[in-house]
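Read the structure below first, then the notes.
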Amino acid sequence: MNIFRLAGDVSHLVAIIILLLKIWRSKSCAGISGKSQVLFAIVFTTRYLDLFTVYISAYNTVMKVVFLALSYATVYLIYMRFRNTYDSENDTFRVEFLLVPVTGLSFLENYAFTPMEILWTFSIFLEAVAIMPQLFMITKTGEAESITTHYLFFLGLYRALYIANWVWRYHTEGFFDQIAVVSGVVQTIFYCDFFYLYVTKVLRGRGKMTLP
Amino acid sequence: KEETDVKDEL
């Protein structure tokens, strides 16, 4: 554990809580891609199967359980509780275009051809692209509420901090997880365009982020 | 990295 890793995990947690609170308080999930949230729930489910097989630390176990619970709560709020506010007409990204290649890749490129390893790899690859329905939705409607952009900012910050964590771990422990690092870098690149808009539009302006 | 390595990251 290093400061980048801890800050990354905290950013991830903050992002998820921001989204959950936004939906809960406004009683609306307008502007939120339910598809992205389902993909994140699948990511956590397939990655954290090791909760049943290996104990790493209390921190690790608690965080995994919290991420799982919060992601399922988010999906519940979007598709059940506040279903009538869900903007399905603009949440039209075809997730099969993500799921099929990600499934194929996880069978081809993994550390071992076992169900657990393939599912872990699948979760890493899927996480890299899971935000695409949300970004697609913003592009389609041309705007995002500022609270939604704060959510995306913390999600992107989490990814950037994980890269710093890997650089740190590589130099101090010789740790290098090729699958996680390559997908993590790809994932972070998706946020670059958004980061630019966030700084120029949201932080300097106020209210909604509108696309040029 | 080996399969038996513990994946300690989230």
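The model shown is predicted, which means the values in this text are computed figures rather than measured ones. Just so it is clear, the values below take in all heavy atoms, side chains as well, and ignore hydrogens, waters and symmetry mates. Here is how names work: the chains are called A, B, and so on, in the same order as the sequence lines, proteins then strands, and each is numbered from 1.
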Ring-face cation contact, Tyr162(A) with Arg159(A), 6.0 Å cut, 45° max: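 Verdict for Tyr162(A): a cation-pi partner in Arg159(A).
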
With sequence neighbours left out, what residues match Tyr151(A) under ring pair (Phe, Tyr, Trp, His ring centres under 6.0 Å)? none

Under 4.5 Å from a heavy atom of chain B, the part of [X] involved:
{"X": "Asn165(A)", "result": "side chain"}
{"X": "Asp9(A)", "result": "side chain"}
{"X": "Phe44(A)", "result": "neither"}

Look at atom OH of Tyr55(A) and say whether more than 12 heavy atoms of other residues, nucleotides or ligands are closer to it than 6.0 Å.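 Check passes, neighbour count above 12.
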
Parallel, tilted or perpendicular: which describes the rings of Phe195(A) and Phe153(A), with under 30° parallel and over 60° perpendicular? perpendicular

